[in-house]
Amino acid sequence: MTGAFTVCADDEIWDGIAAAASGVLGVRRAAAGAVRILPHDPSLEAEQYALRPVDGVIEVRAGSAAGAFRALSRVRGGGRVFDECGDAPAYSWRGFMLDVARWFVPVDELLVLIDQLAERRLNVLHLHLTDDQGWRIPVPGWPRLTEVGAWREGTTTRPAPVEGRPDPRSDDDWGHGHRHDGVPHGGHYTRAELERVVAYAAERFIAVVPEVDIPGHVQSVIAAYPELGAGAPDLPVATRFGLGPSLLAPTPEVERFIADVLHEVCDIFPGAHVHVGGDEPHLETWRRDPVSVARAADLGLPGTDALRGWFVELAAGFLRERGRTALYWYDGEVLSEDATAVSWLAEDGGLAAAARGAQVITADHTRTYLNYLSSEADPNPYACGIVLDEATAAGFRPAPDGAAAHVAARFLGGQAQLWTEYAPHRESRESLMFPRLDLIAEALWNGA
């Protein structure tokens with residue numbers, strides 16, 4: 001069964017899926033239809049559903065409106081029902097991260113993306129809203145974040161391939177041939193636009209997780225407010241990609257800045273999780289800054305390197321006050337005992353964090369970074385880095401092999417990532433996403 005189809009349902013459960021089903025799945029409500037949704041079944045988990053053919057009609061039992069919506073996604077996708085059957089997701093966290101900081105992604109494209117995620121039974125959209133190259137969210141009292149931090153003077157692009165040199169798609173050392181295009185780029189969302197995205201996703205049972213990256217990846221912040229940077233550097237919004245030296249200073253003014261940002265984020269995004277970054281700080285910047293050295297000593301830290309964990313715990317504390325859980329990029333170092341670790345390096349895979357009792361979301365770059373090449377001979381001009389082929393994507397499993405059952409249970413699930421350094425428009429982004437996102441989505445739902 002494909003295309004539009006009719007559904008009849010108990011009013012109580014229909015109210016939860018009507019807008020989403022009609023907008024995404026082509027469902028039309030009818031007094032009698034090809035699918036009948038029965039009242040809520042408390043014996044089923046939230047996203048679990050059961051299907052049964054009865055007199056030419058498919059009956060749906062579900063643990064919640066979300067479960068009924070997932071069932072309709074299956075039927076809409078052509079799943080045939082010859083006998084009673086059921087389905088439930090293997091993992092509660094089935095996500096996709098989109099980097100909107102490197103290239104601003106219009107709201108209309110985000111809405112299309114949300115529909116694409118819903119069709120694939122994914123339930124988390126993680127938006128990487130800030131980085132060195134752009135700040136995309138307004139914050140009251142800090143107008144220069146969007147007036148200045150949301151715009152860069154241009155973008156340093158990769159060179160065309162040259163015989164005798166490495167493929168520029170895998171050349172991260174910014175060697176000869178890179179050039180500045182001189183084309184200003186930027187943009188930011190209004191609060192109303194972000195609220196629209198959140199509401200649209202909620203109708204499709206997708207949570208939007210915002211990310212504001214601290215204490216590194218903050219050159220766009222420092223371009224707007226130099227006094228917030230360690231050493232008060234005078235820097236523009238970054239025009240090239242790769243790691244930069246900018247770090248927030250560990251000062252009371254920066255603490256106020258972080259609190260203001262996170263309180264606004266919590267007001268806009270009602271979900272349970274907020275990502276606070278925490279990755280790849282250029283530690284030498286703090287080591288050379290007398291203010292940072294003195295503040296680390298005042299805080300009783302063993303040195304300035306420990307400021308990384310202090311910043312993440314500071315943010316996690318603000319979020320706890322708002323009833324939220326912090327996420328951070330985990331690379332082998334636990335930065336907060338009660339925050340959720342999003343593990344992006346392959347070597348540890350989050351196992352050590354889970355063994356210490358933390359919840360873990362797997363984002364292992366070798367298996368989930370969709371900006372990577374899909375094969376050694378991948379002709380896609382927007383791909384870069386190492387190879388993530390379709391077989392690897394299809395075989396994605398969040399918990400490392402051999403993890404004890406009680407440790408494996410702490411892996412909430414996983415998510416695919418699309419970093420957009422070399423993907424400046426929708427066509428380029430979708431060329432990287434599919435079909436590998438389809439395969440990761442299926443792996444997260446089926447678990448095997």
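We count residues from 1, following the sequence as given.
- By the 30° and 60° cut-offs, the orientation of the rings of Trp329 relative to Trp419 is tilted.
- Counting heavy atoms from C-beta on, the side chains of His365 and Ile386 come closer than 4.5 Å.
- No side-chain heavy atom of Val105 sits under 4.5 Å from any side-chain heavy atom of Thr420.
- For the atom pair Gln359 CD and Leu412 CG, the distance stands at 4.5 Å (nearest 0.5 Å).
- Using a 4.5 Å cut-off on side-chain heavy atoms (C-beta onward), Trp93 and Val209 make contact.
- Under 4.0 Å is where a charged nitrogen must lie from a carboxylate oxygen, and between Arg120 and Glu442 no such pair does.
- Counting only heavy atoms from C-beta outward, the side chains of His273 and His126 never approach each other to under 4.5 Å.
- Salt bridge annotation for Arg322-Asp267: present, with a cationic side-chain nitrogen under 4.0 angstrom from a carboxylate oxygen.
- Side-chain contact annotation: Thr362 with Asp364, donor-acceptor N/O pair under 3.5 Å absent.
- Applying the 6.0 Å contact sphere to CD of Glu193 captures more than 12 heavy atoms from other residues, nucleotides or ligands.
- If you take CG on Asp99 and CZ on Arg429, they are separated by 9.5 Å, rounding to the nearest 0.5 Å.
- Taking CG from Leu122 and CG from Asp438, the interatomic distance works out to 9.0 Å, rounded to the nearest 0.5 Å.
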- request: Applying side chain to side chain contact (heavy atoms under 4.5 Å, CB included), run through Tyr330 and Asp348 and close with a yes or a no.
  value: CA-CA 9 Å; Tyr330 170 83; Asp348 176 277; 3.2 Å; yes
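- Residue Val274 comes nearest to Cys266 through the heavy atom pair CG2-SG, 4.5 Å, listed as atom of the first residue, atom of the second, then distance.
- Rounded to the nearest 0.5 angstrom, Leu247 CG and Leu283 CG are separated by 7.0 Å.
- Using a 4.5 Å cut-off on side-chain heavy atoms (C-beta onward), Pro400 and Phe411 make contact.
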- prompt: Do Phe269 and His275 pass the ring-ring contact (aromatic ring centres under 6.0 Å, His included) test, and can you show the C-alpha distance, the side-chain angles, and the key distance before you say yes or no?
  reply: CA-CA 12 Å; Phe269 298 90; His275 201 300; over 10 Å; no
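- A side-chain contact (heavy atoms from CB on, under 4.5 Å) with Thr368 holds for exactly one of Gln417, Arg436, Met97; it is Gln417.
- Using a 30° and 60° split on the angle between ring planes, Phe257 and Trp135 fall in the tilted class, from 30° to 60°.
- Closest approach of Val35 to Val60, counting heavy atoms only: CG1-CG2, 3.6 Å.
- With respect to Arg320 and Glu313, a salt bridge is recorded, a charged nitrogen being found less than 4.0 Å from a carboxylate O.
- Of the possible donor and acceptor atoms, one in the side chain of His40 sits under 3.5 Å from a partner among the backbone N and O of Gly63.
- Taking every heavy atom of both residues into account, Gly385 and Leu373 meet most closely at O-CD1, 3.4 Å.
- Taking the six-membered ring for Trp and thresholds of 30 and 60 degrees, Phe205 and Phe69 have ring planes inclined between 30 and 60 degrees apart.
- Formation of a donor-acceptor pair under 3.5 Å by the Ser220 side chain with backbone atoms of Asp131 is found in this model.
- The two residues Ala423 and Leu432 have their closest heavy-atom pair at CB-CD1, 3.9 Å.
- How far CG of Asp389 is from CD of Glu376: 9.5 Å, rounded to the nearest 0.5 Å.
- A donor-acceptor pair under 3.5 Å is formed between the side chain of Arg324 and the backbone N or O of Gly271.
- Note that CG of Leu113 and CG of Asp108 are 12.5 Å apart. Values are rounded to the nearest 0.5 Å.
- Between the side chains of Asp378 and Tyr372, no donor-acceptor pair of N or O atoms lies under 3.5 Å.
- The nearest pair of heavy atoms linking Pro398 to Arg367 is O-NH2, 4.4 Å.
- Around atom CD of Glu59, more than 12 heavy atoms belonging to other residues, nucleotides or ligands sit under 6.0 Å away.
- Using a distance-only test at 3.5 Å, with no hydrogens or angles considered, no donor-acceptor pair links the side chain of Arg94 to the main chain of Leu444.
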message: Does Glu211 form a side chain to side chain contact (heavy atoms under 4.5 Å, CB included) with Thr130? I'd like the steps, not just the answer.
response: CA-CA 7 Å; Glu211 180 187 351; Thr130 70; 5.9 Å; no
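- Between Leu335 and Arg308 there is a side-chain heavy-atom pair separated by less than 4.5 Å.
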field: Check against side chain to side chain contact (heavy atoms under 4.5 Å, CB included), Asp331 and Asp279
entry: CA-CA 8 Å; Asp331 56 9; Asp279 56 317; 5.6 Å; no
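- Minimum heavy-atom separation, Gly149 to Ala224: N-CB, 4.2 Å.
- Cation-pi check for Arg204 over Tyr200 is met; the charged atom lies under 6.0 angstrom from the ring centroid and within 45 degrees of its normal.
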message: One pair to check against side chain to side chain contact (heavy atoms under 4.5 Å, CB included): Arg70 and Asn123. What are the steps and the verdict?
response: CA-CA 10 Å; Arg70 307 295 178 223; Asn123 64 353; 3.6 Å; yes
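- Taking the ring axis of Trp103 as reference, the NZ or CZ atom of Arg136 does not stay both within 45° of it and closer than 6.0 Å to the ring centre.
- Annotation: side chain of Ser343 is not in contact with side chain of Leu351 (no heavy-atom distance under 4.5 Å).
- Classification of Glu47 and Arg121 as a salt-bridged pair fails, no side-chain N sitting under 4.0 Å from a carboxylate O.
- Within the 4.5 Å cutoff, the side chain of Leu437 has no heavy atoms near those of the Leu418 side chain.
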